[in-house]
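Notes for the one structure printed next.
Throughout, protein chains are lettered first and strands after them, A, B, ... in sequence-line order, and every chain is numbered starting at 1. Predicted model, so just to flag it, every value in this text is computed and none were measured.
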Amino acid sequence: MSIRLVTVLLALCVLASGASAHAATPTPPADDAAIVHALSRLAFGARPGDIERVKAIGLAAWIERQLEPRRLDDRAVEQTLATLPSLPMSIAELHKEYPRPPARDKSADPQMTPRALYERPPPEKRPIRIVAEMQAARLVRAIESERQLEEVIVDFWFNHFNVHAAKGEVKWYLTSYERDVIRPHALGRFGDLLRGTATHPAMLFYLDNWLSTRPDFTPRFGPNRGKRAGLNENYARELMELHTLGVDGGYTQKDVTEVARAFTGWTIDRPRDAARFVFRPLVHDRGEKTILGLRISAGGGQGDGERVLSLLLHHPATARFIATKLVRRFVSDEPPPALVERVAATFRATEGDIKAMLRALVASPEFWAPEARRAKIKKPFEYVASAVRAVGGHVDARAGFALARYAAEMGEGLYGAQPPTGYPDRAEAWVNAGALLARMNFALALTQRRLPGVTLDLSPLAVDRGAPDAALERLLVALLHGEASAPTRAVLTAQLTNPEIRRQTSDDRGPADTDVEKLAALVIGSPEFQRR
Amino acid sequence: MTMPMLTRRALLKGGACALAAVAAPPRFLARAALAADARRKVLVAVFQRGAVDGLSMVVPYGDRDYAGARASIAIRAPQAGDAGAAVDLDGFFGLHPALAPLAALWQSRTLAVVHACGSPDTTRSHFDAQDYMESGTPGVKSTPDGWLARAAVTQPSPTSPFRAVALGPTLPRALRGDAGAISLASLDRFDVRATSEAAAARQGFESLYAQSVHDLLHGTGRETFEAVRMLKRANASRLAPANNAEYPRSRLGQSLRQIAQLIRADVGLEIAFTDADGWDTHVGQGAEQGQLAARLRDFGASLVAFTQDLGDRMSDVVVLTMSEFGRTVAEIGNRGTDHGHATAMLLLGGGVRGGKVYGRWPGLARERLYEGRDLAVTTDFRALFAEVAGRQLGIANPASLFPGWTGGPQLGVLS
């Protein structure tokens, strides 16, 4: 029976079972190519030996294990991450350990410039260090963690509920935002992500809701005493456009204003210390609101915003929008409409159970279809992580810092997406001249061992270095799983006679030696390796 | 859900399956030997992403409803000796004080303003509005390419891989399409870098992407290496800023510095694009000091350094600034502004009929506002863009760059 037929039948079984939240994952195709595909979509690519490991437990079982990351032993990664002191800190501790530079230095030299004040503490005590440690942690986890699917989906949800680390207070809130909201619910329920982000200081600050008040509010105390505050629509608009309904989700400017009124009073208590969500009735707009046709009667208090979140969670446009984005990430840049509809149906049937949606995805024939294989261009973050994994590299925290800089040079600075849309998930956004060169340069730096903190042992790839054709074949199997196009194969074969690649011994009498490092760089920089 | 129409480029990313269907030669094969001495007209587009407050950038201090709408963020009317007040332009409009360095360009009539300019589309979504302004098709999301890419391909076959360039890590929507535009973050780093034998590595990568596979990756790769070779020959990054021009260290400043290098190195640049971020001032926008003032200071200093650096070459260059929409007329809580409608766009360079604010001023009285809150659009951005593309790039029927639009009145902003 063909792979396609099997998956179609399996998908039909799932549909027949009513897309329940706990439908067992059906058995996916189990050939090596399917395993490679799964590792490129549900993980950051294959490491040496991964295919055999997945085969040993079975692809379906591997996927199920990935869906339950807490049961996977990840102590090795935890040990590496323990060298990044900011990761477990509370917001209050982060404020204490990485204090903001004073606007003016009252005690010391009044001539000190803001830059000098910023640079007074050592680099590992500056606020920006918080962000650098987060970036490093993401890369360490993507490369080393056993919980690969969790890392993939954390990246997806962070980007969906994007906040920009460089905006004001966000850098002190970022650690908690990802650790306490995104990560715990990344494979949980969409509603928990929605409520968690709505009430986290990072989102309240990033989209300004913490400052939004009823239109006629004028503070009587504090630095803004006597100055009229008022409504701020930023969060309300992006909540509907980017977090739930999508831009074509059928809301109007009037709905934006009404949603903003509903969220007045959702703010941050002690923003420069422990920074917690608080609802302040004093600044809340108590009046009646009408949102997407639903009347919310006056005096609902904090309940107004909660009702809006519930309304949006259950709106059919939200299911469709989230399904579209998931399919775009996991299947293809042009999401097949039938698959989007199936995943959206799962969203509606399960109130946004993310595991159920992922099970629907991997149960779909579209996920395994030949046209989906290697159809996605890797984002820079995916490219960097998959390259290190492919050559069997291991990383410490220091490597994480360096690798994050490479990803940024390719266009994806982690936590650095300034607009609330986050980073795009389409090939056109990532394929361009400068970024492509940055990828090739990364491939060279990696294989020439110029990346601090990356431990690389290429000797298993180089056992045939005396026999160039065999050496190349081994590389193609290890890095591209034999899926090199004929022209790529031809170009690389031609390289084998290049004196830079095939080195003769100095007296020209000993056996030739193949520069496997350089050959590996070419493979990692090749068109095929840009795809997943 | 609408399926976007596919450009050749986007279609090509399908790889092997698209291979059979499309067999057009790569664009750069049409390259002729570059005439190094050919001075070209250059259009530099600067996108102020995040929606700049046009009412603070070019202040309508003469409008009697202006100051009252903005209790803490209004810019004061010009007054001798008041460095925090607007810099007068024409007795009605003034520049934000942080843009004071641009006043000399106004005096020399190389700077013009088009005010109350924007999109006929009603969206207040940054993403959609930027998309519409870059595709050049307000309200239509399925447009596959950008207006500047279309402008580039209306020209005779490309003679240089540097004909259309975006400074930055990604290619903006305005230049996506069949123009073969390249993007680069840094001229210095635009090469294959290896500790040893970089030439061999470069040649190896180049052959990998030189295969006759017509997809997005291979096409981009071929253009990349073409550009790398040319840039090496031209050695543009050796050119230090001329005329004591001092660029800010900001992203915009460094982008403009490198655009000037490409112009001075005669690599065939005709269209350049760069971003300036940070205009989404919902909170703490400030007046003569503050967040917006800081962004404008960088903006003005970067543009001034660019014109100084290029000196006489500015007679071949027009800089066009744009932003997806403006901001609310009324100040909101937290001394900021929300998403609005029309904004102001600047033009500077040779051929600009400067020293004038173009466009009909709709007024800030409540009944004149768009949806009762925003500055109304009286100049469709397409009219401005079409005129600039037509004049500066010599495009005969520039309205055709904007599908679904039949053209508008001439502003007369370029001679």
Side-chain angles (χ1 to χ4, degrees), chain A residues 208 211-213 215 217 227-234 237 241-242 247 253 256 324 333-334 337 340 371 377 408-411 418-421 427-438 440-441 444 448 450 485 487-488 491-492 494-495 498 500-501 518 521-522 525-527 530-531, chain B residues 1 3 9-10 13 17 49-50 71-72 122-128 166 169-171 176 182-186 189-195 197 200-201 203-205 207-213 215-218 220-221 223-224 227-228 277-278 280 282-283 332-336 338-339 371:
Chain A
D208 304 319
L211 294 168
S212 184
T213 73
F217 176 70
K227 289 179 184 148
R228 209 170 87 169
L231 205 58
N232 193 307
E233 296 173 355
N234 205 6
R237 182 185 309 281
E241 176 182 335
L242 300 174
V247 72
Q253 171 61 38
V256 172
T324 304
D333 283 8
E334 302 295 345
V340 170
E371 58 268 28
I377 299 286
E409 195 183 350
M410 299 168 202
Q418 193 253 347
T421 37
E428 292 90 338
W430 303 115
V431 179
N432 64 71
L436 212 47
L437 281 173
M440 295 168 198
N441 285 322
L444 286 165
Q448 294 177 342
R450 281 187 274 130
S485 71
T488 289
V491 166
L492 293 170
Q495 289 291 317
N498 182 334
E500 302 285 3
I501 302 278
K518 206 161 282 165
L522 290 177
S526 73
Q530 309 311 312
R531 297 180 172 277
Chain B
M1 196 187 66
M3 290 287 279
R9 216 176 152 89
K13 78 176 192 294
C17 57
R49 293 197 193 274
S72 79
T122 60
T123 185
R124 289 189 182 86
S125 149
H126 291 299
F127 185 74
D128 272 4
T170 57
L171 191 64
R176 288 193 204 150
I182 62 171
S183 70
L184 54 91
S186 153
R189 298 173 72 80
F190 192 72
D191 196 359
V192 172
R193 300 188 305 273
T195 44
E197 303 114 5
Q203 187 256 322
F205 284 125
S207 341
L208 280 170
Y209 285 83
Q211 307 162 27
S212 58
V213 179
D215 68 6
L216 182 62
L217 270 170
H218 288 84
T220 306
E223 286 153 13
T224 302
V228 165
D277 288 338
D280 197 16
H282 287 273
V283 169
I332 59 166
N334 337 122
R335 287 171 275 168
D338 265 324
H339 301 183
E371 293 184 349

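Most heavy-atom pairs under 4.5 Å with chain B, from the set A:Leu436, A:Leu522, A:Thr421: that is A:Leu522. The choice from A:Ala435, A:Ala429, A:Gly411 that makes the most heavy-atom pairs within less than 4.5 Å of chain B is A:Ala429. Top candidate by heavy-atom pairs under 4.5 Å with chain B, chosen from A:Leu492, A:Ile377, A:Asn234, A:Thr488, is A:Asn234. Counting heavy-atom pairs under 4.5 Å between each of A:Met410, A:Arg450, A:Gln418 and chain B puts A:Arg450 at the top. Contact count against chain A (heavy-atom pairs under 4.5 Å) is highest for B:Ser125 among B:Ala200, B:Ser186, B:Ser125. When the candidates B:Ser183, B:Gly50, B:Ser207 are compared by the number of heavy-atom contacts under 4.5 Å with chain A, B:Ser183 comes out ahead.
Closest of all the heavy-atom pairs between A:Leu437 and B:Thr224 is CG-CG2, 3.5 Å. Between A:Gln495 and B:Gly204 the shortest heavy-atom distance is NE2-CA, 3.6 Å. The minimum heavy-atom distance between A:Arg237 and B:Arg124, with the atom names listed, is NH1-CB, 3.2 Å. Looking at every heavy atom in both residues, A:Pro527 comes nearest to B:Leu208 through CG-O, 3.9 Å. Annotation for B:Thr220 and A:Ala433: closest pair CG2-N, 3.7 Å, computed over non-hydrogen atoms. Here the closest heavy-atom approach between residue A:Val247 and residue B:Asp128 is recorded as CG2-OD2, 2.9 Å.
Using a 4.5 Å cut-off between heavy atoms, A:Thr213 makes no contact with chain B at all. For A:Ile501, no part sits under 4.5 Å from any heavy atom of chain B, backbone or side chain. Contact of A:Leu444 with chain B is made through the side chain alone, with heavy-atom distances under 4.5 Å. Using a 4.5 Å cut-off between heavy atoms, B:Ala185 does not touch chain A at all.
Using modelled atom types, one side-chain atom of A:Asn441 and one backbone atom of B:Asp191 make a donor-acceptor pair closer than 3.5 Å. Side chain of A:Asn232 to main chain of B:Asp338: no donor-acceptor pair is present (N/O by atom type, distance under 3.5 Å, no hydrogens or angles).
With contacts defined as side-chain heavy-atom distances shorter than 4.5 Å, the pair B:Leu217/A:Arg531 qualifies. Looking at A:Glu233 and B:His282, their side chains never come closer than 4.5 Å, going by heavy atoms from C-beta outward.
Between A:Ser526 atom OG and B:Phe205 atom CZ the span is 8.5 Å, to the nearest 0.5 Å. How far CD of A:Gln253 is from OG1 of B:Thr123: 9.5 Å, rounded to the nearest 0.5 Å. For the atom pair B:Asn334 CG and A:Leu211 CG, the distance stands at 4.0 Å (nearest 0.5 Å). Distance check, rounded to the nearest 0.5 Å: CG of A:Leu242 to CZ of B:Phe127 gives 8.5 Å.
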Please walk me through it: do A:Glu409 and B:Arg189 pass salt bridge (charged side-chain N to carboxylate O under 4.0 Å, His left out)?
CA-CA 10 Å; A:Glu409 195 183 350; B:Arg189 298 173 72 80; 3.0 Å; yes
